[in-house]
Amino acid sequence: MTVTLNQAKGPEFTRIYAYGAARGEVAVPNDDLIGPIDSSDEWIRQRTGIITRTRAVATTSALDLASEAAREAVEKSGVNPADIDLVIVGTISNVQQTPSMAAVVADRIGANPAAAYDSNAACAGFAYAVAQADALIRAGAAKYAVVIGAEKLSDIVDPTDRSISFLLGDGAGAAVVGPSDFPGISPTVWGSDGSKADAVGMNHTLVEYRDGEAEWPTLRQEGQTVFRWAVWEMAKVAEKALEVAGIDAKDLAAFIPHQANMRIIDEFAKQLKLPETVAIARDIETTGNTSAASVPLAAHRLLEEHPELSGGLALQIGFGAGLVFGAQVVVLP
């Protein structure tokens, strides 16, 4: 007798229902950071476009930020928290190796016993989480998902480091993903280039810190290497994402890139030949670079400032540490 296994099958399409956001409570202007790096407000503005960045107080964790953003997204989505059966958190700044941030967020928002896990894809973390939620829902492994990018990068920054310290902020952005009657999330173009992993990442390991061989690990980057890679290679990824989505740049309502550097964002727009009708997210100016949180935070602010973008197509792309990247086109809620 042959036994045939059942396999799950979900809806044909998915979409993003709503975004939520949480930023650090403190606005930190450039003047507060220039002393240790022997710099100036003008230098930071010219090189990055950042005027101020948000950072969390000592008693606020990345987990707290993730929970706040998730609650807003769920409330705005209209989905019953009890019906959420998947929570994914993209983060590099969970201060505990276990339990996962996602499992605690699931409990805090009333989604027990949802499947929950953290994903470390650095600044591409949110794009990775969206790709996984889309695939898992369409496969029948979940019905509704909360995907979150959450970071408290002020915990892993060296204020004397000129390569990256002045860029970083704290925050979390979240989205609810669920079944749809129409295609709301395109195929994701994603990957990595581990051969350049040393270009941006942690300068030491926790084992070295434990053994007294190094100070607390902090982020470092080779600025020029990352800039060239982001501008030239990521433009190709963005173009590929448009191709697999079956659309042209002129079809976009918005472009939401990782908020790494204003110069990178502006060069991106030139490389993609975006028409003036496309709204470009520039949340970095007052939020800073928040790694996995930057894309959903930028999307949240863009929709708050331009509600007429709702229902339009947005190209979102994340890229960063470990030279990991991910891009997809989504229908804005």
Side-chain angles (χ1 to χ4, degrees), residues 19 21 23 47-50 53-54 69 89-93 119-131 147-151 153 164 166-175 188-193 196 199-201 219 221-223 225-242 252 254-272 274 278-302 314-330:
Y19 287 101
R23 290 175 171 81
R47 292 182 66 87
T48 70
I50 298 175
R53 76 281 297 138
T54 59
V89 176
T91 186
I92 61 170
S93 52
S119 172
N120 183 342
C123 308
F126 183 75
Y128 267 50
V130 169
V147 296
I148 307 164
E151 306 287 10
L153 299 177
I164 200 170
F166 53 90
L167 290 168
L168 305 178
D170 302 332
T188 296
V189 177
W190 56 352
S192 64
D193 183 359
K196 296 185 179 67
V200 55
L219 283 167
Q221 74 169 350
E222 296 174 8
T225 300
V226 174
F227 184 89
R228 288 192 295 269
W229 176 78
V231 168
W232 299 109
E233 297 304 318
M234 291 305 97
K236 297 174 186 175
V237 171
E239 290 170 349
K240 182 67 174 178
L242 292 175
L252 292 172
F255 177 48
I256 309 173
H258 166 49
Q259 305 292 293
N261 181 307
M262 193 73 80
R263 291 193 301 162
I264 291 175
I265 294 170
D266 291 341
E267 188 60 35
F268 246 147
K270 292 179 184 177
Q271 293 288 328
L272 293 173
L274 296 179
V278 177
I280 301 174
R282 291 187 169 90
D283 189 44
I284 189 172
E285 187 175 58
T286 54
T287 299
N289 179 341
T290 53
S291 189
S294 77
V295 167
L297 282 175
H300 181 275
R301 174 158 284 169
L302 200 60
L315 169 61
Q316 57 185 30
I317 178 170
F319 51 88
L323 300 200
V324 177
F325 57 87
Q328 65 258 130
V329 176
V330 302

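Worth knowing before you read on, the calculation uses all heavy atoms, side chains too, and leaves out hydrogens, waters and symmetry mates. Quantities reported herein were computed from a predicted structural model and do not represent experimental measurements.
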I'd like to know whether Met234 forms a side-chain contact (heavy atoms from CB on, under 4.5 Å) with Val237, so could you lay out the CA-CA distance, the side-chain angles of the two residues, the decisive distance to 0.1 Å, and finally the verdict. CA-CA 5 Å; Met234 291 305 97; Val237 171; 3.7 Å; yes
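Residues Pro257 and Ala281 approach most closely at CD-O, 4.2 Å, considering heavy atoms. Nearest approach of Met262 to Gly49, heavy atoms of both residues: CB-CA, 3.7 Å. Of all heavy-atom pairs between Ala122 and Ile92, the closest is CA-CG2, 3.6 Å. Across all non-hydrogen atoms, the minimal contact from Thr91 to Ala292 is N-CB, 4.3 Å. Residues Ile265 and Ile280 come closest through the heavy atom pair CG2-CG2, 3.7 Å. The minimum heavy-atom distance linking Phe255 with Val278 is given by the pair N-CG1, 3.7 Å.
Here CG of Leu153 is found 6.0 Å from CG of Asp170. Values are rounded to the nearest 0.5 Å. The distance from atom OG1 of Thr48 to atom CD of Glu285, rounded to the nearest 0.5 Å, is 10.0 Å. Atom OG1 of residue Thr188 and atom CD of residue Gln328 lie 4.0 Å apart, to the nearest 0.5 angstrom. Between the OG atom in Ser291 and the CG atom in Asn120 there is a gap of 8.5 Å [rounded to 0.5 Å]. Remark: His300 NE2 to Arg23 CZ distance equals 7.5 Å, nearest 0.5 Å. We find the CG-OG1 distance between Asp283 and Thr54 to be 8.0 Å, quoted to the nearest 0.5 Å.
Using a 3.5 Å distance cut-off with no hydrogens or angles, the side chains of Glu151 and Ser93 do pair a donor with an acceptor.
Put simply, the side chain of Glu233 does not reach to within 4.5 Å of the side chain of Leu323, judged on heavy atoms. A heavy-atom distance below 4.5 Å is found between the side chains of Arg301 and Thr286.
The pair Lys236-Glu239 does not count as a salt bridge, with every side-chain nitrogen at least 4.0 angstrom from each carboxylate oxygen.
Under the ring pair (Phe, Tyr, Trp, His ring centres under 6.0 Å) test applied with Phe319, the options Trp190, Phe325, Phe268 reduce to a single match, Phe268.
Remark: the backbone N or O of Asn289 is not paired with any side-chain donor or acceptor of Arg53 at under 3.5 angstrom.
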